[in-house]
Amino acid sequence: MSEERSELYQNIVDGDFDEAADSTQALLDAGLSPGEILDGHVVPAMGEVGNLFDEGEYFVPELLMAAKAAQEAMAILNPLLKQSGAERQGCVVIGTVKGDMHDIGKNLVAATLEGAGFEVVDLGCNVPPEKFVETVQARGGAKTFVAMSALLTTTIPQMKATIDALAAAGLSESTRTLVGGAPVTKEFAESIGADGYSESANECVAVAKELAANWL
Ligand code: B12
């Protein structure tokens, strides 16, 4: 079984969601850690699905079946990532921004942060700026990371709208913002005043930890 072409990888690419749980379990039984399965199998398989869609080979139904297969795998991996016993880090409020329903990347980032010891409050997708603000306010001024995901060029302006809404509510000092998603670049992140950006879920942990070290 090659690293990238495992049965799980193939199940996700083929949208065989009823087999994805068994193939995830098979990788765990073979001794792989949940993080290795996520980074080595689930993420690359979804990357290939994205490419097939971009090339016109796949259409929305195939995407949905692939997404469902990835979710079956995550249903097994998530609880294990949470149990990893990593040292407790800060709290991250995460969501996909308003108008955007893409949540696969956001879910991977949430699971990876959780596995690295962060407390994660997942607001789901289509999250308006005011919902991020309310959630941070409900934490009573405690220092909080606000992580936003967006996959559409039409929705990335919601990231700036959220950063502005946090500032307007007087929450700039108690929050640090993280942004990501396929159309988001480091330059864009800087231009909207985000505190952190990363291209991948794994890298996001390092970025959040570095911000935490200088802040929490
Ligand atoms: C799967 C998918 C869908 C699925 C989503 C299912 C779901 N539950 O998420 C469905 C079918 C619903 C869908 C719908 C649509 N989609 Co779509 N979709 C995709 C596709 C193929 C893959 C996205 C994906 O899951 N990638 C895999 C994950 C793992 O990668 P990722 O999200 O980038 O996340 C990684 C990093 O970016 C980063 N990251 C992500 N979030 C965050 C957050 C933080 C804080 C950090 C630090 C890092 C980080 O870490 C992640 C893991 O490494 C992309 C094509 C592509 N190549 O990206 C199109 C794509 C994003 N979709 C697109 C479009 C146009 C649409 C629709 C408008 C289509 C339509 N006509 O109906 C709708 C919009 C619905 C809406 N309002 O949101 C376009 C966007 C074009 C644009 N320039 O805006 C794309 C690029 C396809 C294309 N080439 O045209 N889509």
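Because the structure is predicted, anything quoted here is derived from the model rather than measured. As the structure lists them, so they are numbered: ligands from 1, and atoms in each ligand from 1.
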Before signing off on this row, confirm whether [X] and ligand 1 have an N or O atom pair separated by under 3.5 Å.
| X | value |
| --- | --- |
| Asp54 | yes |
| Thr153 | yes |
| Ser198 | no |
| Gly99 | yes |
| Tyr197 | no |
| Ser149 | yes |
| Met101 | yes |
| Ala147 | no |

Protein heavy atom under 4.0 angstrom of [atom], is there one?
| atom | result |
| --- | --- |
| atom 69 (C) of ligand 1 | no |
| atom 2 (C) of ligand 1 | yes |
| atom 8 (N) of ligand 1 | yes |
| atom 85 (C) of ligand 1 | no |

Heavy-atom distances under 4.0 Å are what count here, so tell me which part of Leu108 touches ligand 1: side chain, backbone, both or neither.
side chain
Ligand 1-proximal atoms of Glu199, by part, heavy-atom distance under 4.0 Å
backbone
Inter-residue atom distance Asn107.CG - Leu77.CG, 0.5 Å rounding
12.5 Å
Does Gly181 have a heavy atom less than 4.0 Å from any atom of ligand 1?
yes
